[in-house]
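Naming convention: chains lettered A, B, ... in sequence-line order (proteins, then strands); numbering from 1 in each chain. The model shown is predicted, which means the values in this text are computed figures rather than measured ones.
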Amino acid sequence: MLTINFIRENTALVIEKLAIKNFDGSEIISKIIDADKTRRALQLESDNRQAEMNNLSRQIGDLFKAGKKEEAEAARQKTATLKDEIKGLTQKLEKIEKKLQKLIEQVPNLPHESVPKGKSATDNKKIRKRSSRLKLYTGAMAHWDLAKKYDIIDFELGVKLTGAGFPVYKNKGAKLQRALINFFLDENKKAGYTEYWPPLMVNADSAFGTGQLPDKEGQMYYIKSDEFYMIPTAEVPVTNIYRDVILDAKVLPVKCTAYTPCFRREAGSYGKDVRGLNRVHQFDKVEIVQIQHPEKSYETFKEMVSHVESLVVKLKLPYRIMKLCGGDMSFTSALTYDFEVFSAAQGKWLEVSSVSNFESYQANRLKLRFRDESSKKMQLAHTLNGSSLALPRIVAALLENNQTEKGIIIPKVLRKYTGFDIIS
RNA sequence: GGUGAGGUGGGUGAGUGGCUUAAACCAGCAGUUUGCUAAACUGCCGUACUCGUAAGGGUACCGGGGGUUCGAAUCCCCCCCUCACCGCCA
């Protein structure tokens, strides 16, 4: 969430930048500015009345103690109207504060200056591409057919147990999951990330902190009896470790990684993109999160992008890195690079990672701050995260790209984790 | 699920209606002393909002929400959470 101070001081800039995200902010921003003015006038009035009340109360106390009962009684009469006034003012103030808060929550994060204008994924800008031409043998299959052929993923069984989009991995398919998770976590550990194993359900405060609530409520599974949300990504519990935390600047950057299953309702998804592993309700993902000083967050962004890139390279997957245009970016992000791997039998680019800098947008919701060493002032930190990596589409690409007549070849880096080098 | 004890600045922890404007100690910061380190001493040391060019004021906040009162960390009601023990259980 943007801070009210920033909006007040940079009104024109805010509207201009929101336009890059195809968000017409002129109306809402002027509403915010108005509400803020009202709020401050009310605050002043209410503070003054309360100061009067405090003085009066102190006097009454003193008078009682001095034994001047009549004077005290007289003063006490005066408090009634003042009390009513204060009550009215604080109620009004509360109302306007809530209104202001709601308005500000509806304003997306501003895009970084390098973000191009654009409407949808077709306007995303290619940053890098590495894809040697893959020659598949005649009769090469899509991963859902390979899954059946080698008995490694059972989609129908998942339907029986739970419903569509809950695949069951088995045999070498199950082992491959474990291998990938361990490989990713080990690589992250080597790059300096602290490993976590967080809860898979979070409370509403946490879901709000990273921005899933209120706008993405319908995308999360909700446990009604206990008011918990199933996490859609490890980003939620991991980033919330630092909710309401004031960090010492010396500890920056904070680097965390975690493997978790992720649960997404994917309400509104339909059609061909949901086939096989392309889009599922439960999937596994290793995530990286960093908390960094505002001046260094874009360096950190680069570092995270190249770290994720190193993983894709080690798996020898053809990939491309896309800078998302304003229209395709998430509500909370200032800059996002998507990683896509090419899944040869489908002939499709599949998104396997999304690295984002949220600047202080999440930190403001989280109240995640640090004390700046030179100015000694409290400041919002910057948060960043990325997938490293999401498993299903990596598996889809590995199966499709590495298939041969003899079976599916396991990439060299994974063999010490799988214990086998071919699925046949 | 049952019973009990709790929830107070970064930490420990005092505080049963107005000298609480939240003690004290620890941690932290600055200084004095000092071959160095340490110790000792002195001072500073919460957050948010708000008024002010500034200096400096004001208001709120003691788990959350209501209430009583001129005045609430303190009294009353509701809720949440934590801990301990018991029951059940992977």
Original post:
Can you list the steps and then say if A:Thr332 with A:Asn109 is a side-chain hydrogen bond (donor to acceptor under 3.5 Å, both in side chains)?
Top reply: CA-CA 5 Å; A:Thr332 50; A:Asn109 199 5; over 6 Å; no
Original post:
OP1 or OP2 of B:G71 less than 4.0 angstrom from a side-chain nitrogen or oxygen of A:Lys83, does that happen here?
Top reply: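 It does, given that an N or O in the side chain of A:Lys83 lies less than 4.0 Å from OP1 or OP2 of B:G71.
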Original post:
Between A:Arg369 and B:U47, does any side-chain N or O lie under 4.0 Å from OP1 or OP2?
Top reply: no
For [X], salt bridge (charged side-chain N to carboxylate O under 4.0 Å, His left out) partners two or more places apart:
{"X": "A:Lys175", "answer": "none"}
{"X": "A:Arg178", "answer": "none"}
{"X": "A:Arg49", "answer": "A:Glu45, A:Glu52"}
{"X": "A:Lys31", "answer": "A:Glu27"}

Euclidean distance, atom [atom1] of residue [X] to atom [atom2] of [N] [Å, nearest integer]:
{"X": "A:Glu94", "N": "B:G65", "atom1": "CD", "atom2": "C1'", "value": "10 Å"}
{"X": "A:Asp62", "N": "B:U21", "atom1": "CG", "atom2": "P", "value": "12 Å"}
{"X": "A:Ile60", "N": "B:A72", "atom1": "CD1", "atom2": "P", "value": "12 Å"}
{"X": "A:Glu227", "N": "B:C81", "atom1": "CD", "atom2": "C1'", "value": "13 Å"}
{"X": "A:Leu93", "N": "B:A48", "atom1": "CG", "atom2": "P", "value": "18 Å"}

Same-atom distance ([atom1]) from [N] to [M], integer angstrom:
{"N": "B:C89", "M": "B:G17", "atom1": "C1'", "result": "48 Å"}
{"N": "B:A55", "M": "B:G66", "atom1": "C1'", "result": "41 Å"}
{"N": "B:C45", "M": "B:A27", "atom1": "C1'", "result": "11 Å"}
{"N": "B:C19", "M": "B:G67", "atom1": "C1'", "result": "28 Å"}
{"N": "B:C80", "M": "B:G64", "atom1": "C1'", "result": "7 Å"}
{"N": "B:C29", "M": "B:C81", "atom1": "C1'", "result": "34 Å"}
{"N": "B:G11", "M": "B:C79", "atom1": "P", "result": "28 Å"}
{"N": "B:A24", "M": "B:C41", "atom1": "P", "result": "15 Å"}

**OP:** Determine the interplanar angle of the A:Tyr337 and A:Phe301 rings, folded into 0 to 90°, and report it as parallel if under 30°, tilted if 30 to 60°, perpendicular if over 60°.
**Re:** perpendicular
Original post:
When you check every protein heavy atom under 4.0 Å of nucleotides 53-64 of chain B, what one-letter string (B, S, -) results, 5' to 3'?
Top reply: -----BSS----
Original post:
Which part of the nucleic acid, if any, lies within contact of A:Thr79, taking any heavy atom under 4.0 Å across all strands shown: a base, the sugar-phosphate backbone alone, or nothing?
Top reply: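 Here A:Thr79 touches the backbone only, sparing every base.
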Under the side chain to side chain contact (heavy atoms under 4.5 Å, CB included) test, residues paired with [X] that sit two or more places apart:
{"X": "A:Lys250", "answer": "A:Asp248, A:Glu373"}
{"X": "A:Gln91", "answer": "A:Lys87"}
{"X": "A:Thr38", "answer": "A:Leu42, A:Ile96"}

Original post:
With sequence neighbours left out, which residue pairs that include part of residues 240-263 of chain A fulfil the ring pair (Phe, Tyr, Trp, His ring centres under 6.0 Å) condition?
Top reply: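 As it turns out, the ring pair (Phe, Tyr, Trp, His ring centres under 6.0 Å) pairs with a partner in residues 240-263 of chain A, which skip direct neighbours, are A:Trp197-A:Tyr259.
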Subject >> Whichever of A:Lys87 and A:Arg39 has its nearest RNA chain B nucleotide further upstream toward 5' >> reply: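 Going by which nucleotide is closer to the 5' end, it is A:Arg39.
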Original post:
When the nearest nucleotide of RNA chain B is assigned to A:Leu56 and to A:Gly61 on a heavy-atom basis, which residue is associated with the more 5' position?
Top reply: A:Gly61
Close N/O contacts between protein and nucleotides 87-90 of chain B (under 3.5 Å):
none

Original post:
Would A:Arg243 and A:Leu368 satisfy side chain to side chain contact (heavy atoms under 4.5 Å, CB included), going step by step from the backbone distance to the final call?
Top reply: CA-CA 6 Å; A:Arg243 170 155 51 85; A:Leu368 163 52; over 6 Å; no
**OP:** Name every residue in residues 198-211 of chain A that has at least one heavy atom under 4.0 Å from any atom of RNA chain B, in order of residue number, or write none if there are no such residues.
**Re:**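 Nucleic-acid contacts, sorted: none.
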**OP:** Could you check which of B:G18, B:U69, B:U50 has an atom nearest any side-chain atom of A:Arg8?
**Re:** B:U50
**OP:** Could you classify B:G9 for me, syn or anti, using a glycosidic angle within 90° of 0 as syn?
**Re:**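 That one's syn.
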Original post:
Got a sec, which residues hit side-chain hydrogen bond (donor to acceptor under 3.5 Å, both in side chains) with A:Glu359, two or more places apart in sequence or on another chain?
Top reply: A:Tyr298
**OP:** Using modelled atom types only, decide if a donor and an acceptor are shared between the side chain of A:Gln403 and the backbone of A:Glu400 within a distance under 3.5 Å.
**Re:**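 Yes, A:Gln403 side chain to A:Glu400 backbone: donor-acceptor pair under 3.5 Å.
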